[in-house]
Protein chains: 2
Amino acid sequence: MSIMTVSFICSERSQLSKTIPAPKRTKPVLLTAIGRVERETGLAKDTLRVWERRYGFPKPLRDGNGERVYPPEQVEKLRVIRRLMDGGMRPGKLVNATLAQLSERFGASRVEDSSRSGEPSPMTEYLPLIKAREAGVLQRQLAHDLMRLGLQRFVVDVVAPLNVGVGEAWTRGELEIYEEHLYSEQVQHVLRQALASAPRMTRDPRLLLTTLPGEQHQIGLLMAQACLAVEGAECLSLGPQTPARDIVLAARAHRVDVVGLSFSSAIRLREARAAVVDLRKHLDRSIGIWAGGGLWAGMKEPVAGVTMIASLDAIPAVLSQWREQHSKAVYA
Amino acid sequence: MSIMTVSFICSERSQLSKTIPAPKRTKPVLLTAIGRVERETGLAKDTLRVWERRYGFPKPLRDGNGERVYPPEQVEKLRVIRRLMDGGMRPGKLVNATLAQLSERFGASRVEDSSRSGEPSPMTEYLPLIKAREAGVLQRQLAHDLMRLGLQRFVVDVVAPLNVGVGEAWTRGELEIYEEHLYSEQVQHVLRQALASAPRMTRDPRLLLTTLPGEQHQIGLLMAQACLAVEGAECLSLGPQTPARDIVLAARAHRVDVVGLSFSSAIRLREARAAVVDLRKHLDRSIGIWAGGGLWAGMKEPVAGVTMIASLDAIPAVLSQWREQHSKAVYA
DNA sequence: GTAAAATATTTGTCATAGACAAAAACTTCG
DNA sequence: CGAAGTTTTTGTCTATGACAAATATTTTAC
């Protein structure tokens, strides 16, 4: 993680501002090699090749060396498919549909939510702000709602639905990725501010918060931390992507009672499950594991020795339950 | 990025706290499949296989299905090798060395730095705090130094060397990854606090800050943002990992003057270079690109139309140069 | 009819081995 | 000593086959 060295190679001005020549575009067509497609879509190279073999899609062109080059429409379609798969659909049904047909499928998974009641969703209020590209206004509105509702309700009623809504809006093509990034950055800012100013109570349980490798999303972690801090739990966050081995070491070193893990739905259920099972295997039995994230709502059987928390709403209940059990143990 | 759904599947207590059965460890030996090794070391599956074929290392065992399973020592050695390669060494010379021999090599790249002068490095002050596992104390010390030195000097003289030092300490086995994570989290916290309380000047240039996909490290970005904010530049951060296409869109939408990219040394030079060249190709010529990070110190020829900033020290100079050129343009 | 068990399909990941181009290191020449 | 040419190193790509885990479908039992 060493990031910056202190050497100073920029002493020559001529080198410093080489803003002069500016390259000319060679071809207006942008073809993407398989390695890059893997990075952009999150679909493994092996998977891309096997889909081509089995389903006939994607059907990349070949360059001079016989290597696959993907035109942008196919990459775009792959991105959408990946997105739908995260929502539980299977690739066999998706690859041979047109982009238009795929877009329709999105509706299916959201009907229950949007038409559930007449009450205004946070999305109707915030989406224009995000699209207006006014970072300052967005941040002030968030800060305002935070003040009005308090941290707990702000997270549960505003931020959590907003995350879902923003993700869906992106899926429907209503938002660009950069707008999502910008939103995410503002929310993180507001949440971190709130956490910093919240008084630190040192009450049981002591929690170690992080995500497993591959899960990059910090917002889930921050939301959880906020909900836990409000309830007086002592949180220690390692940030995202801590390897299992290091979670075990850190949990021991800091003598925590519980390890809290956050999972976004951008990760596949079975992988997440396997990773949690693995962690449970190696972590001391006296230390609890709480796995949070909407991901778990779709799971059939729970993992032994792990508490699944599918909603932030559930955090207070889980906490009080833990405290109850723990106090009993002291008396017993 | 949809992270949490609002469904509440935890209403049944029995499911909620399945902390009962607790699995028994089957085998004390921890064998790692190739996919996981890829994730943990950052070395592609193809690379792992081709090294095995060519150099005879790693030499994984095979499970019942003839699939590779890597014992922990080999994974550890791979991690160290990866680390050394990021420093510019070549794998052929490394794979057949013992772990002890590899550790020696680390010295080579740091001699110039540590023995350069007698002045106390921030490391001597902070390393004990990190190892003491007292997050609160560490944070207070950081905040104290921030107050004492001011944001600019704090970033350049304390945080930047600390990042390098912490990375090296990890390499030498003096720090665990989780300790690095914890340190990183505290630093981010302090930097974000400082940025939030800094008054927002709206002076040219307008910057869009982010990292390219694959570059996860946020600290470099935050440090840059701090240095830029101090100098009065208007920063808009998208957080890490924005695809090139979206950087182009965002830069246009927000009418920025410059796109600032941060690169840690955990990424390979040629890949970074290629990515920057690609971005330059697609970004409007009127928008500048500043690529920051110690990475670029090792580069031979600069990229046309891109300003490389190898050190945070250089930021004020680059800024004033930009302003100078830009004001000239106005009068011309 | 529903629930459980058995069977079938879908799907991702792994294996093998050969090929090649870009980068780095090493020679040779002026 | 530096430029130009040559060799080695190295990562990534290709192709096809195989298999197990997850999911869907059918059959069987109650």
Side-chain angles (χ1 to χ4, degrees), chain A residues 31-39 41-70 78 81-82 84-96 214 267-275 277 298-301, chain B residues 31-39 41-70 78 81-82 84-96 214 267-275 277 298-301:
Chain A
L31 296 171
T32 318
I34 195 170
R36 186 184 277 254
V37 176
E38 176 182 42
R39 263 170 274 147
T41 64
L43 296 164
K45 288 188 276 242
D46 273 335
T47 305
L48 290 169
R49 284 193 275 255
V50 100
W51 282 10
E52 184 181 341
R53 199 194 326 167
R54 285 189 189 141
Y55 312 123
F57 180 88
K59 196 117 199 150
L61 312 172
R62 299 299 177 128
D63 69 1
N65 311 316
E67 303 191 351
R68 294 171 173 81
V69 280
Y70 296 80
L78 286 170
I81 290 176
R82 170 66 207 260
L84 281 166
M85 283 171 59
D86 288 338
M89 298 197 173
R90 310 196 75 189
K93 309 289 177 61
L94 301 174
V95 286
N96 287 319
I267 229 172
R268 264 163 281 193
L269 180 56
R270 57 169 160 235
E271 289 171 23
R273 200 194 138 97
V277 168
M299 217 192 43
K300 290 171 183 176
E301 46 189 329
Chain B
L31 295 170
T32 318
I34 195 170
R36 185 182 278 256
V37 175
E38 177 182 42
R39 264 169 273 147
T41 64
L43 296 164
K45 289 188 274 239
D46 273 333
T47 305
L48 291 169
R49 284 193 275 254
V50 102
W51 282 9
E52 183 180 341
R53 202 194 321 167
R54 286 192 188 138
Y55 313 121
F57 178 88
K59 196 118 198 147
L61 311 173
R62 300 295 179 128
D63 69 0
N65 310 317
E67 303 190 351
R68 293 171 174 79
V69 279
Y70 296 80
L78 286 169
I81 289 175
R82 169 68 207 259
L84 281 166
M85 282 172 58
D86 287 338
M89 298 195 174
R90 310 197 73 189
K93 309 288 175 61
L94 300 174
V95 286
N96 287 320
I267 230 171
R268 265 164 278 193
L269 181 55
R270 57 170 162 233
E271 289 171 23
R273 201 194 137 97
V277 168
M299 215 190 45
K300 289 172 184 175
E301 45 190 329

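Below, chains carry the letters A, B, ... as their sequence lines are ordered, and counting in each starts from 1. Values reported hereafter were calculated over all heavy atoms of this structure, with side chains retained and with hydrogens, waters and symmetry mates removed.
- One can place OH of Tyr55(A) at 8 Å from P of dT10(C), the figure rounded to the nearest angstrom.
- With hydrogens and angles ignored, no donor-acceptor pair under 3.5 angstrom links the side chain of Arg90(A) to the base of dG12(C).
- Summarising the geometry, atom CG belonging to Leu78(B) is positioned 6.0 Å from atom CG belonging to Leu48(B); distances are rounded to the nearest 0.5 Å.
- Using a 4.0 Å heavy-atom criterion, one finds that Arg62(B) contacts the sugar-phosphate atoms exclusively.
- Close to dC13(D), at under 4.0 Å from its OP1 or OP2, lies a side-chain N or O of Lys45(A).
- Protein atom CZ of Arg53(B) is 13 Å distant from nucleotide atom C1' of dC20(C), rounded to whole Å.
- Arg49(A) has its CZ atom 18 Å from the P atom of dA18(D), to the nearest Å.
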Legend entry - Working for side-chain contact (heavy atoms from CB on, under 4.5 Å), residues Lys59(A) and Glu52(A): CA-CA 6 Å; Lys59(A) 196 117 199 150; Glu52(A) 184 181 341; 5.7 Å; no
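- The nearest heavy atom of DNA chain D to Val50(B) and to Arg54(A) marks one nucleotide each, and the one closer to the 5' end goes with Val50(B).
- Atom CD in Glu38(B) sits about 14 Å away from atom P in dG11(D), given to the nearest Å.
- To the nearest 0.5 Å, atoms OG1 (Thr47(B)) and CZ (Arg82(B)) are separated by 9.5 Å.
- Heavy atoms of Asn65(A) sit under 4.0 angstrom from primed sugar atoms or phosphate atoms, though from no base atom.
- Counting to the nearest Å, the P atom of dT13(C) and the CD1 atom of Ile34(B) are 13 Å from each other.
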Inset, instruction - Evaluate side-chain contact (heavy atoms from CB on, under 4.5 Å) for Lys45(B) paired with Lys45(A), printing each intermediate quantity in order. - result: CA-CA 11 Å; Lys45(B) 289 188 274 239; Lys45(A) 288 188 276 242; over 6 Å; no
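- In summary, of the residues considered (Thr41(B), Val37(B), Leu31(B), Leu61(B)), a side-chain contact (heavy atoms from CB on, under 4.5 Å) with Tyr70(B) occurs for Val37(B) alone.
- Summarising the geometry, the separation between CG on Leu48(B) and P on dT10(D) is reported as 15 Å, rounded to the nearest angstrom.
- In this structure, Arg68(A) reaches the sugar-phosphate backbone alone: every heavy-atom distance under 4.0 Å involves primed, P, OP1 or OP2 atoms, never a base.
- Rounded to 10 degrees, the angle between the two end axes of the helix from dG1(C)-dC30(D) to dG30(C)-dC1(D) is 20°, with five pairs used at each end.
- One distance of note links CG of Leu94(B) with CH2 of Trp51(B); it measures 7.5 Å at 0.5 Å rounding.
- The shortest heavy-atom contact between Met85(A) and Pro91(A) is SD-CB, 3.9 Å.
- Between Asp46(B) atom CG and dA21(C) atom P the separation is 17 Å, expressed in whole Å.
- For the pair Asn96(A) CG and dT11(C) P, the interatomic distance rounds to 11 Å; values are reported in whole Å.
- Of the side-chain N and O atoms in Thr47(A), one or more sit less than 4.0 angstrom from OP1 or OP2 of dT13(C).
- Nearest-nucleotide positions on DNA chain C place Met85(A) closer to the 5' end than the other of Glu52(B) and Met85(A).
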